[in-house]
Peer 1: 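The structure's right below; bear with me while I get my questions together.
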Number of protein chains: 2
Amino acid sequence: MTTINDIAQMAGVSRTTVSRFLNSNGYVSQEARERIEQIISETGYMPSQSAKSLRTKKTGVIGIILPKISTETSSRVVSGINKVMKKKGMQILLTDTELDPDKEIEYLRLLKSRQADGIILLATNIGERLQKEIEALPIPVVALGQEVPGIPSLTYADYDASSDMMQLLVGKDHKKIGFIGVSKTDPAVGSIRQKAYIDVMERQGLEVNESWMAEGDFSIESGYEAMKQIITSNRSEIPSAVFCVTDRMATGAMEYLKEQGFRVPEDIAVAGIGDAVMSKYITPSLTTVDYYNEEAGEAIGEMLLATMEGKNYNKKMMHKYRLIKRDSV
Amino acid sequence: MTTINDIAQMAGVSRTTVSRFLNSNGYVSQEARERIEQIISETGYMPSQSAKSLRTKKTGVIGIILPKISTETSSRVVSGINKVMKKKGMQILLTDTELDPDKEIEYLRLLKSRQADGIILLATNIGERLQKEIEALPIPVVALGQEVPGIPSLTYADYDASSDMMQLLVGKDHKKIGFIGVSKTDPAVGSIRQKAYIDVMERQGLEVNESWMAEGDFSIESGYEAMKQIITSNRSEIPSAVFCVTDRMATGAMEYLKEQGFRVPEDIAVAGIGDAVMSKYITPSLTTVDYYNEEAGEAIGEMLLATMEGKNYNKKMMHKYRLIKRDSV
DNA sequence: CAACGATGTGTAATCGATTACACATCTTCT
DNA sequence: AGAAGATGTGTAATCGATTACACATCGTTG
């Protein structure tokens, strides 16, 4: 590999001058400039980032800690983050916790040792250990999707969105509304969305029937199973609508209903959250909430950038959303 | 930031000993070992990767060059790659060319300057400049999805898969088969799949009607428009089946057909390639080809790893696929 | 014309790790 | 007992960049 020393020698200048040329700071004569330029293009020389980072403490890399890589939400968010990082010439280092909370800490450390300039955390479980770890980290960290005490975060309006969706159902005169959620260990998706469901039911004086509530694990299949459980557990009294906390589970739920000969939305209405691409194309098309994930990615990227620059940024923000009314309700 | 020197001092040993402890090579007494361990856990010290890489020329990072980040195929592939890299403690640096061929070269250089230990290229256009660049690169490069001369690559069996699909259509007695493709500048998706279409048509003695062929840009909407063009260009003679080179475009195409009151597959059959998740859940469910993207990601990851270790690896491979027969044909 | 700022360049220290080499001590074997 | 090997540790060079500092030259200004 050619180094800055090689270039300097070939161009007949000192490496200081080459460095100045590369970083366009300090003075470099037209003459030297041309010779260096020439040599560099001939050799295809690229400065070593390791050496540079060692000296400057800047790597030009930010880390993203994802719960799961191959998910529609993740890829939209990453795409948004990438969009703003690209403008700043920053690269993205991806890590994937596979929903294992210990890994979040592990990756936080790893990103520290790699001297990431910043970290974006899409966490699912925020424990005390995690918080301690983040506090001790000499690197700016921001969080998307869940509120993490002490650091800037951008969250989705889970409570409001879920309430709105429930209101929509209630507005269509549904009284018996079922619920398909996920484990409460996930604060945003598992806990808040369920709370909104229960609150709206109670506020409306509607009965929250335990047998109309089921839990899935985000997968389409689990939505199918959850719906099956709801329908079969109490044949005599089934809900007239079911609110699912994700589009994927809603899709599975609808599959089961269609299979069993129920008409959606006439017999049972189904609603989801997340606006997966497929939601528009399944039959009936799914009523859902768009969280603008890509824009949220851009926004959290900007927040990280601002935090890295030491700007006093608005610490806690909530991202916009919109209800998409389609045919399943 | 604490450095190895700080640790050494606090533990009362030389930094050499600390380094030996960290890398578990050379001898370190039980006593020293314990003191060092103690100090490290107290301080939360993590060795600087930049310094380490500068010395060892290994970064533990591989780069992936993607045409587009937020795509189902990409995220599946990345997930597969991640799976094998994780086992080796390797991290992934993501770059996204946004389908711009110049960026492929730019990112190749960038990954070189970041001293990536290896590169996985999911290219779309392989020009001569790109090839030259790769040859000159002192880093192992492998390609997925398109064949790149001179480097190990894993390709999808585009020709065979497309032929099989066409055979399926022909076997169902379709004589007038349309085609929705993409620009031929994309060798695999644009060129090879179309060639398979034309070859099968000709081999079967079927007429290739230009007005039954249209071109999209991978998007669902473009599939819709392409189908519209096919139907409206020649009302008197429309195809009885249409082969689409991607599931997304097939989905758009079906949307148009359903909107216009055509029955799928009775009036017009539709087939796609790629097995998007949604394909199973739209109505009618889409007949398509599964390319096992995640496994392909694992495979290309293994190939890169092997190449990095200098193993004499089987240079050109083709990944398996399977036809999924569903209701749209 | 003396002084000063702008321009252009080089010397050498530094960042935080790894590692070749040297040296000391302790075991073990013949 | 003496040699050979195993064990344990430290010294110092090195990786490839950046940058403070020093110095030289040149044009301009009062």
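Values in this document were obtained by computation on a predicted structure and should not be read as measured data. Just so it is clear: chains get the letters A, B, ... in the order the sequence lines come, proteins before strands, and each one is counted from 1.
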Peer 1: Does dG16(D) have its OP1 or OP2 closer than 4.0 Å to a side-chain nitrogen or oxygen of Lys57(B)?
Peer 2: yes
Peer 1: Which pairs pass salt bridge (Lys or Arg N to Asp or Glu O under 4.0 Å) with one or both residues in residues 110-132 of chain B, sequence neighbours excluded?
Peer 2: Asp102(B)-Arg129(B), Glu128(B)-Lys132(B)
Peer 1: Quick one: salt bridge (charged side-chain N to carboxylate O under 4.0 Å, His left out) partners of Glu294(A), sequence neighbours excluded?
Peer 2: none
Peer 1: Name all pairs fulfilling the salt bridge (Lys or Arg N to Asp or Glu O under 4.0 Å) condition that reach into residues 55-78 of chain B, sequence neighbours left out, sorted by first residue then second.
Peer 2: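 Every salt bridge (Lys or Arg N to Asp or Glu O under 4.0 Å) pair that includes a residue of residues 55-78 of chain B, provided the two are not neighbours, is Glu72(B)-Arg76(B).
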Peer 1: Scan the side chains in residues 5-12 of chain A for donor-acceptor partners under 3.5 Å anywhere in the protein, sequence neighbours excluded, and list what turns up.
Peer 2:
residue: Asn5(A); atom: OD1; partner: Arg15(A); partner atom: NH1; Å: 2.8
residue: Asp6(A); atom: OD2; partner: Thr3(A); partner atom: N; Å: 2.9

Peer 1: May I have the distance from Leu22(A) (atom CG) to dA17(D) (atom C1'), rounded to whole angstrom?
Peer 2: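 After rounding, the reported distance stands at 10 Å.
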Peer 1: Write down the distance between CD (Gln115(A)) and P (dG16(C)), rounded to a whole number of angstrom.
Peer 2: 8 Å
Peer 1: Please encode protein proximity along nucleotides 7-13 of chain C as a string of B, S and -, counting only heavy-atom distances under 4.0 Å.
Peer 2: BBBBBBB
Peer 1: Rounded to whole Å, how long is the line connecting atom CE of Met46(A) with atom C1' of dA17(D)?
Peer 2: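 So the two atoms are 14 Å apart, to the nearest Å.
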Peer 1: Under 3.5 Å, is there a donor-acceptor pair linking the side chains of Asn293(A) and Tyr156(A)?
Peer 2: yes
Peer 1: Rounding to a whole Å, what distance do you find between Ile4(B):CD1 and dT14(C):P?
Peer 2: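 In whole Å, dT14(C) P lies 19 Å from Ile4(B) CD1.
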Peer 1: Distance check: side-chain N/O of Asn5(B) vs OP1/OP2 of dA17(C), anything under 4.0 Å?
Peer 2: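 Result: no.
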Peer 1: Tell me: CD of Gln49(B) to C1' of dC15(C), nearest whole Å?
Peer 2: 15 Å
Peer 1: Could you check whether Ser19(A) gets within reach of a base, just the sugar-phosphate, or nothing at all, counting any heavy atom under 4.0 Å?
Peer 2: base
Peer 1: Which nucleotide in the list dA17(C), dG16(D), dT18(D) gets nearest to the side chain of Leu54(A)?
Peer 2: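 Nearest to the side-chain atoms of Leu54(A), counting from C-beta on, is dG16(D).
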Peer 1: Check side chain to side chain donor-acceptor pair (under 3.5 Å) between Glu135(B) and all other residues, then give those that pass, not counting sequence neighbours.
Peer 2: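 None.
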Peer 1: Select base, sugar-phosphate, or nothing to describe what Phe21(B) touches, counting heavy atoms under 4.0 Å on all strands.
Peer 2: nothing
Peer 1: Take atom CE of Met1(B) and atom P of dA17(C), then tell me their distance rounded to the nearest Å.
Peer 2: 8 Å
Peer 1: Roughly how far, to the nearest 0.5 Å, is the OG atom of Ser19(A) from the CG atom of Asn25(A)?
Peer 2: 6.5 Å
